Amino acid sequence: MTNHILSANNLTVTYATSEGPVVAVKDVSLELFPGEIVGLIGESGSGKSSLALALLGLARFPGKLEGEVHFDGKELVGLEEDSARLLRGKDISLITQKPRQSLNPYLNVGTQISRVYRSHAEATKEEALKHAVGLLEDVGINDAERRIDAYPHELSGGMAQRALISMALSSEPKLLIADEPTSGLDVTIQAQFLDRMWRAARDRDMTVLLVTQDIGIIANYCDRTIIMEDGVITAIRDTKDFFANPNNAYGERILKLARAERTSLAAPSDATADIIKVTDLRKTFKVDGGKVLQAVDNVSFSIKKGRSLGLVGESGSGKTTVGRMILRLLEPDSGSIELDSEHISDISLKEFNQLRSKIQVVFQDPFDSLNPRWPIFKSIEEPLKLHSKMTASERKERVLEVMASAGLDPESADRKPAGLSAGEQQRVCLARALVTRPEFVVLDEPTSALPPAARAELILLLKDLQKQLGLSFIFISHDLSTVRELCHDVAVMYLSQIVEVGTTEEIFADPKHPYTKALLDSVLFHDPNNRRVDKARLTDLEGEIPSPVDLPKGCYLAGRFPYVAARCTDEVQILTITDGKQSVRCWKASENVSFS
């Protein structure tokens, strides 16, 4: 290999605490070479983020950095601040995981991006702002000329992350250190960013250190893989060799978990009766200026007893709004919802509260879903107090029973949420949802806030419970790979509408709608010999999901899809049954017309 662009020798980061020093990075040595993408993986708390900062010659207060970091012939540890500033943001850039903590809340994003650019390039304010617009467009932000005037609090988490990415790439650095850069992005936007990053590394000989917990990202984009455990690098491997033979206990465990997901679903029930039936559901919200935001538009589907439906789509597609209307947390403008043939959308909330034990929910963020002051036993027990006439001893027996089913140690019953991992917190939320033996459960992105190992374990748990209890549920997600593991049927939503419905096998084997194809193309499978970047694709989308205000007459996807005909923009698209059992909202798919 050519001469390295960065080398670290005996790098150590120590934090002073009230309980004594904590060594986050222990005597680490590594080399990075021009044009390569290196993945750094490890559990939360393994020291990855501390190492990423240390490679810049930095340590978070009150950290102490020791060792050597050589970049392009310069020693970064102890480098004078004026000299370091000339490098950081120009030759070396950093993307952090939490954009809102990194962006200045008092400045609009255009100003922030252009200031970084102007600090390292001779440009006027107007030239820098024009450059900022181009960078925002490159990371998939529509209407970038308007968005440069937005402040961080006016952007979604995903948009704020893209603004931070634009800032990091503004001066075309030689080395990009990206710490979980895609954690706030939808799968299609994640794929767009990673594709651009990969091309930039190849075209400009840019080196990338990509800190992640996502094995799919490692397999599809990284040349080498570094494993970090307890502050120590335990393996540095060629990525293909790592997947073929991890030869490392942590690597073997995460690959085993990832591959264990690919087990068969519980056999679907033979029941013909619907447990949930949604018909022509519609929901709008009034926004400033007297305009109307269309959140859900004439959505219809049904779920039979013992079956599960995956409701998938990007942020802003209306998935969660549908789930909240099923739970009566939001009231629909029109349409009907039936639970086991009983209309629940037009009864009073007082009447619906009598049915709450039959329909339960698990939300996306487990910590926000639990009372931080309550021990987990009390959180799980609460639905029984509200919706049953059990005695205290009966409630205790049931809580301990459901804790065991959810893989929770009964000895942890007195612990509070802060003392649990994210995976354990979500198991508590699942146990609380199941404690009343519900007939139907709404699972709203229950795995998205979890690290990969905890996510894989929760998927296996859900599949086991599905087999044991015959659970019926709707699984709301933007991750089709998880939906494939858990759901018998799939409904794909885009910008308030269902655009395709079918069995999981049909959707994955033969997707009809271009949006479904794009979602599937964005799935990062755990196979470095079948990488996304090596495939030719016709269905790459441009930009982000547009605003649900002032929607166009024709296909809502037309503005993002490159192969558009007049009928796409002029005609209202109808959900139509195709030759098979699938339904699709696209005239080209319905009439078997080629997309290219």
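Here the structure is a predicted model, which means the values were calculated and not measured. Only this structure's heavy atoms are used, side chains among them; waters, hydrogens and symmetry mates stay out.
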statement: Across all chains, not counting sequence neighbours, the side chain to side chain donor-acceptor pair (under 3.5 Å) partners of Arg115 are none
Glu500 side chain to Lys512 backbone, donor-acceptor under 3.5 Å: yes
query: Within a strict 4.5 Å, meaning less than it, do heavy atoms of the Lys358 and Pro438 side chains meet?
result: no
query: Where the side chain of Lys283 meets the backbone of Val296, is there a donor-acceptor pair that is under 3.5 Å apart?
result: no
With Asp297 via side-chain contact (heavy atoms from CB on, under 4.5 Å) - residues at least two apart: Arg282, Gln294, Ser496, Gln497, Tyr556
message: Going by side-chain contact (heavy atoms from CB on, under 4.5 Å), name the residues that satisfy it together with Thr239, two or more places apart in sequence or in a different chain.
response: Ile218, Cys222, Thr225, Phe243, Pro528
Check ion pair Lys319-Asp444 (N to O, under 4.0 angstrom): no
task: Using the side-chain contact (heavy atoms from CB on, under 4.5 Å) rule, pick out the option among Thr516, Leu520, Val584 that qualifies with Val492.
output: Thr516
Arg147 side-chain N/O to Val133 backbone N/O, donor-acceptor pair under 3.5 Å: no
- prompt: Considering residues at least two apart in sequence or located in another chain, which fulfil the side chain to side chain donor-acceptor pair (under 3.5 Å) criterion with Arg328?
  reply: Glu331
- request: Please name all residues satisfying side chain to side chain donor-acceptor pair (under 3.5 Å) with Asp149, sequence neighbours left out, ordered by chain then number.
  value: none
message: Once side chain to side chain donor-acceptor pair (under 3.5 Å) is applied, do any residues pair with Glu351, and if so which ones, sequence neighbours excluded?
response: Ser348
message: Looking at every non-hydrogen atom in both residues, tell me the closest pair between Ile113 and Leu136 and how far apart they are.
response: CD1-CD2, 3.8 Å
Derivation and outcome, side chain to side chain donor-acceptor pair (under 3.5 Å), residues Thr482 and Ser477: CA-CA 8 Å; Thr482 301; Ser477 180; 5.4 Å; no
